[in-house]
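The next block holds one structure in the form of structure tokens; read it before the comments.
Residue numbering restarts at 1 for every chain, and letters A, B, ... go by the order of the sequence lines. This is a predicted model, so every value here is computed, not measured.
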Amino acid sequence: MKKLIFTVIFMFFAANLYAGEIAVIVNESGPLTQISEADIREIYLGNIRFIKGVAVTPLHYREGSIKDTFLSSIIDMNSREYRVYWTKKIFQEGGSIPVSQNSFGMIILTVKKDMAVIGYVPISELKETEGIKIIKKIAAK
Amino acid sequence: MQKYQISYVIVLFFIIFSPPYLKADELSDLKTKIDEQQKEINELRYSLDRLKGGGVNGEQMDELKPMFGVNMGIFGDANFTTNSREKAKNSFYLGEVDLYSTGNYGSRMRFLSEIVIEGEDQAFEVDLERVWVEYAFSDLIKLKAGKQHTALGYWNKTYHHGKQLFLTVDRPFFLAFEHDNGVIPVHITGLEFEGSWSYNFAIFKYEFQIGNGPGIDNSHGILVPNNILDDNNSKQIILRITGRPLSVPDLSIGLFGTVFTIDTATRAGVDEKIYGVDIAYGRDRFEVLAEYFRLENSDASGNAFYVQLNYGIIENITPYARIETLDADKDDPYLNSLSYGFDRRQVVAGIKYDIDAARSSIKAQYRYDDTHNGNDYNVFEMQWSFGF
């Protein structure tokens with residue numbers, strides 16, 4: 001019975017995190033291939049807008065466990081904190097919150113086609129990595 | 001009829017007993033076809049998005065950053081207070097209605113405007129609180145022109161007029177807006193250069209502002225930001241440098257300073273210097289803010305500081321406390337020209353309940369407002385703020 005209660009509690013708190021591995025991806029011949037994890041964080045927080053003179057476009061996957069895992073691992077925020085952060089940021093400095101995409105395929109394609117886009121997808125979705133460089137792997141939770 | 005039944009049986013026999021590898025091959029072919037079709041759909045979606053986005057710009061996807069995009073928002077608040085230094089009677093009152101809009105043109109130009117409608121005595125006034133345009137040459141050099149908040153400390157650059165984003169009911173008293181009897185100039189009209197750069201151990205940011213310095217409205221004893229016309233030829237200069245260690249990214253430490261020339265009630269052309277330090281740290285549900293200001297001129301000096309602490313006991317309930325003080329010299333021509341430029345100390349304690357942290361909150365706050373030689377006040381305040 002105790003085990004069951006602990007399992008339920010664990011599942012309740014773990015419910016919003018993705019169980020698989022996530023890859024942060026960029027274009028393999030773009031300016032983002034050498035960036036650090038701190039740079040990824042700063043890009044998604046809107047504090048770094050340019051890399052080597054090129055305007056960077058961060059992409060999110062839609063709301064859900066994959067985005068939550070990315071936010072907690074890289075940005076160290078939950079989705080509520082991230083939304084409040086951007087509400088303040090836009091009010092202070094203008095700009096807009098990073099765009100979200102509904103399909104992994106679109107994120108992968110956009111990264112392949114655009115030198116300055118950064119995104120993240122489950123590694124299981126990366127069947128072809130031509131044109132793409134994985135710059136960070138987020139381990140399964 | 002029997003003929004048909006026999007042929008069904010034969011077909012079924014072949015389906016059931018056909019070699020499994022044939023089914024696997026078919027499935028594999030089918031999957032490849034679906035993958036190819038999915039790719040084609042993605043390519044078509046991508047092309048469609050590019051067409052919708054207003055054109056192709058080499059290697060940049062401008063459709064993800066619309067050529068011209070505008071956000072609009074409103075902040076507002078409704079309040080109740082027992083009698084205080086600011087409100088002589090127990091009162092319900094309207095705070096500010098803050099209409100703001102931000103826009104961008106491509107990836108380098110941004111705009112922001114903030115218009116506030118607020119109660120002044122028994123009437124409402126409309127103020128243009130911020131309006132600026134920015135061009136980003138790079139992360140190291142961004143140039144802004146217009147009216148904005150002075151880079152004097154953390155609070156003034158982080159919180160503007162939207163009370164929804166405040167933890168407390170109001171700003172620290174010495175950082176109040178000019179017409180609310182603040183003693184630090186919080187608006188400037190002019191230019192700002194801003195940029196950030198990172199080293200191995202920290203990320204640094206600088207903000208350099210040059211613009212019209214404040215004046216003093218001697219009939220009301222308040223600072224006046226010279227938005228339209230400066231009242232002297234010297235310009236106010238402000239510099240703030242902030243550092244965030246990479247090992248503790250939630251900590252920021254800032255150093256700031258300003259110089260300006262101002263005509264006070266007792267002496268013209270006072271060269272006023274204000275400088276100080278700010279520290280902000282926030283992690284999980286804990287946050288601490290602290291700022292110290294030193295005000296100096298050739299005749300006297302003053303000090304002001306606040307420390308604010310909060311810890312969210314659960315996700316949407318945050319108790320907080322703040323102490324804030326101003327020590328003024330009685331010979332100070334600058335502070336003595338301001339009606340609230342006297343020694344004062346406040347202790348604030350309250351609780352904020354977030355209905356939705358970005359959209360609406362309710363705050364209940366106790367404030368002990370103490371001066372050396374004047375009346376002291378025990379004030380109970382409530383605020384319901386919103387933003388959308």
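Heavy atoms closer than 4.5 Å to chain A are found nowhere in B/Q148, neither backbone nor side chain. Contacts of B/L112 with chain A are made by side-chain atoms alone, with heavy-atom separations under 4.5 Å and no backbone atom involved. Proximity to chain A (any heavy atom under 4.5 Å) is shown, for B/S101, by neither the backbone nor the side chain. Looking at B/R244, the atoms closer than 4.5 Å to chain A (heavy atoms on both sides) all sit in the side chain, from C-beta outward. In this structure, chain A has a heavy atom under 4.5 Å from the side chain of B/R283, while its backbone stays farther away. Residue contact with chain B, scored on non-hydrogen atoms closer than 4.5 Å, is absent for A/N27. Within the 4.5 angstrom heavy-atom criterion, only side-chain atoms of A/R80, from C-beta onward, approach chain B. Looking at B/K157, the atoms closer than 4.5 Å to chain A (heavy atoms on both sides) all sit in the backbone: N, CA, C or O. Using a 4.5 Å cut-off between heavy atoms, B/I203 contacts chain A through its side chain alone, with no backbone atom that close.
Listed by sequence position, A/A38, A/R41, A/E42 are the residues of residues 28-42 of chain A in contact with chain B, using a 4.5 angstrom heavy-atom cutoff.
Looking at B/L289 and B/E287, their side chains come closer than 4.5 Å, going by heavy atoms from C-beta outward. Here the side chains of A/Q101 and A/M106 are in contact, with some heavy-atom distance below 4.5 Å. Using a 4.5 Å heavy-atom cutoff, the side chains of B/S361 and B/Q164 are in contact. The closest side-chain heavy-atom distance from A/K137 to A/I22 is not below 4.5 Å.
Using a cutoff of 4.0 Å between basic side-chain nitrogens and carboxylate oxygens, B/R240 and B/E207 are scored as salt-bridged. A salt bridge links B/D356 and A/R83; the closest N-O separation between the charged side-chain nitrogens and carboxylate oxygens is under 4.0 Å.
Relative to the six-membered ring of B/Y105, B/R110 misses at least one condition, a distance below 6.0 Å or an angle of at most 45° to the axis.
Taking the six-membered ring where the residue is Trp, B/F286 and B/Y281 present tilted rings, their angle falling between 30° and 60°.
The candidate with the highest count of non-hydrogen atom pairs below 4.5 Å against chain A, out of B/K142, B/E315, B/K205, B/H149, is B/E315. The most heavy-atom pairs under 4.5 Å with chain A, out of B/S198, B/A357, B/G73, B/S196, come from B/A357.
The nearest pair of heavy atoms linking A/P58 to A/Y44 is CB-CE2, 3.6 Å.
Counted by atom type alone, B/T150 and B/N156 present one or more donor-acceptor pairs between their side chains at under 3.5 Å.
With respect to A/F91, the ring pair (Phe, Tyr, Trp, His ring centres under 6.0 Å) criterion is satisfied by exactly one of B/F75, B/Y159, B/F166: B/F75.
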